Amino acid sequence: MDAIFENLTEAQREAVGHIEGPMLILAGPGSGKTRVVTHRIANMIHQGVPPWQIAALTFTNKAADEMRHRVDSLAPNQPVWMGTFHRFCAQLLRRYATMVGLAENYSIYDTQDSKQAMKRAVMAAGVSTTHASPDQIASSISHAKNRLMTPETMQGQILRPLDALAAKVYPVYQQQLLTANAVDFDDLLLHIANLLRENPEIRSELDNKYKYILVDEYQDTNLAQYAIVRALSIDQPNLAVTGDPDQSIYGWRGADLNNILDFEKDYPSVKTARLEKNYRSTPNILRAADQLIRHNRKRKAKDLFTDHPEGDAVVLRMFQDGYQEADGIADEIVHAIAEEGMKPSDFAIFCRMNALTRSLEHALRSRSLPYQIVNGVEFYQRREIKDLLAYLHLVNNPNHDVALMRVINTPTRGIGAKTVERIRDFADYNGIPMLEAARRAKDIEGLAKRAVTMIGKFIKIYDRLAIKATAPLEDLIRFLVEETEFEAYLEKTAVEQQDANPMSNVDELITAAVEFDRQHPEDGSLEAFLEQVALVADTDAIDGETDRVTIMTLHAAKGLEYPRVYIIAVEDDLLPHKRSKENEAQFEEERRLLFVGITRAKERLQLSCCKRRAVRGDTRPVIPSPFLNELPLDEIRRIESTGNRDWFDEEEDYDQSYPESWDLPDEDGSPGGDLDAVSETAPVIAPAGFEIDEVSQLPAEELAEVMKPKKKKNIVVAGLKTGADLLTSGTTPLMSYREGVLVRHSEHGEGTIIEVTGRGPKRTAKVIFPDGEFSFRLAFAKLELV
DNA sequence: TACTAGTAATTTTTT
DNA sequence: ATTACTAGTA
């Protein structure tokens, strides 16, 4: 009991002690919010609140797991419901599926699935895609769903042209989902919100079941989530929400900042706790965050303060290009590990887009730094995994048309596009699922005899699988692999992709399934497993245990903290993103995004930008982010890197097609003077206020030696490419490629370099192989030294 | 029908 | 640069 209130500030104690009635916890970054929330739950239980009456809703499984873990240490094994909004709704929907026209074994379409479904719906609705792509229509419908609009209400509105088109597709799409006994992500929320609105008895029953509701990251809730929470807090208005308006970064997904800004209006009796003291960052970092976020107009003023000692100045660094940026950061990390006793997991690198992680990956890998990319090629997105999962989906829900289309000819069994199309039309015409249509192949007009036979073969396989639906997951999957001769199929396709062991992912899926079976011995395993798979996010795979540098998007970074943080590509049109400039709300959200990134840092922070950056193949000049002007530049250490990279060593002149200088922000925010040209021979002159990069450019190989992992164990985490995994395929410094050097290419075999031209990312080698002469961009080509 | 090669489109962020 | 889709060929 004492432990619960120990070491808390007055504001924290107040929040922890609160039990009945609505409460708003405004928690700035690093203010110990999770601590407050978990202690509060523990306190409630101590005070006699039955744990099963408490539900804590989060946005990510990761946040829920963390919460569960910490509550467990205070009050072990309490049946408090903790999980994401989507999971909460998915479980309710299992129970009430029939109320919304679904069966309880309904499937959850992931983004790819719903995209497929959307294309089909667009076609069926007879809407032309010349003015709006299926993607745009999908996002319009998604937005409508987030705002609780049904097909009927959407059609009743005056709309932009795009939305008007979407409104035509919406009912068709929704009907197809219903026929397929499926929902998309938005539907999980929408169905439950509608259910609660239309069925007062159910609403009241659930309201009383979940007497105490807690919502994390309330600033990210959309209207559907708002409605759900609201509906469950009428008879029992014990709703506690935590959040920080300054960290709202999901507006594009329909999050409505007003939900938190107006909370006090919605619940007049609310008790508000403000957690402003920061326990995470140095004053230097906080001042940067504070100065930046002050520029937002739509916000509640808030002070950020801390007891921590000053620490190091925030660094703003300018690189020549993205490759140098990646190398510079990687070198610095290597250096800090070798010299300052840091470890890889102390570092995180954030970026605006996933596409920016590529050069980082390369840089870290070539220094043997272990790393994880939160997002990369997600495990469950891999083709072979999606194939197998599609079979499982179809076993679980024979109406799952998207899954059927995926597997009916995978592995190829002579059922081509035309045949599938005929089945689909037949299904659409009769309003039946495609599997049903396939069973009636004989009735389908225009189907060749051969096709009918092939379909029959597929149906036979399917039926054999379906019998095993209730078998343990492992048996089911193994049977599936066998029955479909999946291994042979994989081997065939793997050859051209030179995938060493194509079955390894399949084995991992089986491992995951076994693990799931073990943890969930009682529930109908297949359905629950598929639900779990559908609702895991990339961020859930973040691995805090193993010692690795973490690379992720700014969005994924929320809620995390690291001693040293790098934010790359703080550049105009990227952060703020080009597409955010249409309106001020979006622009301010970009600012909040940077705010979130900055406030993740505990000790040190570096923001960086480049003079030019490779986008989609070619390199273009870049303007630094206007947000940089909003930082306290007088106390920030500005460094310009000289471009002293290995590939510049050999070439004296720099590619003159790029501007050699640009305007830097001056300390007063006015445009500054030009930078002097950077070249190998001329001394580098730093612009006013910039130091020349003094970080040593130790030879990478030397550092790599220091960095060699002590014990090299190959930890495989689902969905993650780790540095360790990739060590074996280590890369070669570009300068090793010279004229006369022998190389090996996966397709052409061995060859000799006859010419090397260009520099930097454009450095190109001409190689003569037995089968002819080819040119490769060294930064990208897979050329091994012989 | 399966496979290949070539072209078009594409990237912001995620449950 | 990578991916997704299309058209042409075996």
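Each chain gets a letter, A, B and so on, in the order its sequence line appears, and its residues count up from 1. Owing to the predicted nature of the structure, the values given are computational and were not obtained by experimental measurement.
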With distance as the sole criterion, is a donor-acceptor pair present between the side chains of A:E217 and A:Q219 under 3.5 Å?
-> yes
Within the pair A:N222 and B:dT15, is there a side-chain N or O less than 4.0 Å away from OP1 or OP2?
-> no
First encountered from the 5' end of DNA chain B, between A:G414 and A:S133 = A:G414
Closer than 4.0 Å, any side-chain N/O of A:K558 to the OP1 or OP2 of B:dT13?
-> no
Out of B:dT1, B:dT15, B:dT13, whichever nucleotide has its closest atom nearest the side chain of A:T60 | B:dT15
Ring center gap for A:F85 and A:F185 short of 6.0 angstrom | no
For A:H86 and for A:M353, find the nucleotide of DNA chain B with the closest heavy atom, then tell me which residue's nucleotide is more 5'.
-> A:M353
A:V215 side chain near A:Q225 side chain, heavy-atom distance below 4.5 Å = no
To the nearest Å, how far apart are A:L535 CG and B:dT14 P?
-> 16 Å
What integer distance in Å separates A:R413:CZ from B:dA2:C1'?
-> 15 Å
Once you round it to whole Å, what is the distance between P of B:dT1 and CD1 of A:I455?
-> 9 Å
In whole angstrom, what separates A:K119's NZ from B:dA9's P?
-> 13 Å
For B:dT1, does OP1 or OP2 lie under 4.0 Å from any side-chain N or O of A:T419?
-> yes
A:E571 with A:R613: basic N within carboxylate O range, under 4.0 Å = yes
Protein-nucleotide distance (A:F85, atom CZ; B:dT15, atom C1'), rounded to Å = 12 Å
Residues A:E588, A:R299: salt bridge by 4.0 Å N-O rule | no
May I have the distance from A:L189 (atom CG) to B:dT14 (atom P), rounded to whole angstrom?
-> 17 Å
With a 4.0 Å cut-off on heavy atoms, is A:R450 in touch with a base, just the backbone sugar-phosphate, or nothing at all?
-> sugar-phosphate
Anything under 3.5 Å between a protein N or O and an N or O of nucleotides 8-10 of chain C, put it in a table, one pair a line.
none

Against the side chain of A:T412, the closest entry in B:dT1, B:dA2, B:dT15 is B:dA2
Could you note down all residue pairs passing salt bridge (charged side-chain N to carboxylate O under 4.0 Å, His left out) where residues 446-457 of chain A supplies at least one of them, sequence neighbours left out?
-> none
Rounded to the nearest 0.5 Å, how far does SG of A:C609 lie from CZ of A:F627?
-> 13.5 Å
Nearest listed nucleotide, side chain of A:D135, among C:dT2, B:dT11, B:dT15 = B:dT11
Short N-O contact, A:D572 and A:K581, less than 4.0 angstrom = yes
How is A:K578 classified with respect to the nucleic acid when contacts are heavy atoms under 4.0 Å: base, sugar-phosphate, or nothing?
-> nothing
What distance, rounded to whole Å, do you find between the two P atoms, one in C:dA4 and one in B:dT13?
-> 15 Å
Out of B:dT15, B:dT1, B:dT11, which has the shortest distance to the side chain of A:T84?
-> B:dT15
OP1 or OP2 of B:dT14 under 4.0 Å from side-chain N/O of A:N354 | yes
So what does A:N409 touch, heavy atoms closer than 4.0 Å: a base, only the sugar-phosphate, or nothing?
-> sugar-phosphate
A:T111 side-chain N/O to B:dT15 phosphate OP1/OP2 under 4.0 Å = no
Residues that A:E589 engages under salt bridge (charged side-chain N to carboxylate O under 4.0 Å, His left out), provided they are two or more places apart = A:R592
Less than 5.5 Å between centroids and less than 30° between ring planes, does A:F185 satisfy that with B:dT14?
-> no
What is the distance, rounded to the nearest whole Å, between atom NE2 of A:H143 and atom P of B:dT15?
-> 17 Å
Between CD of A:Q112 and C1' of C:dT3 the distance, given in whole Å, is 11 Å
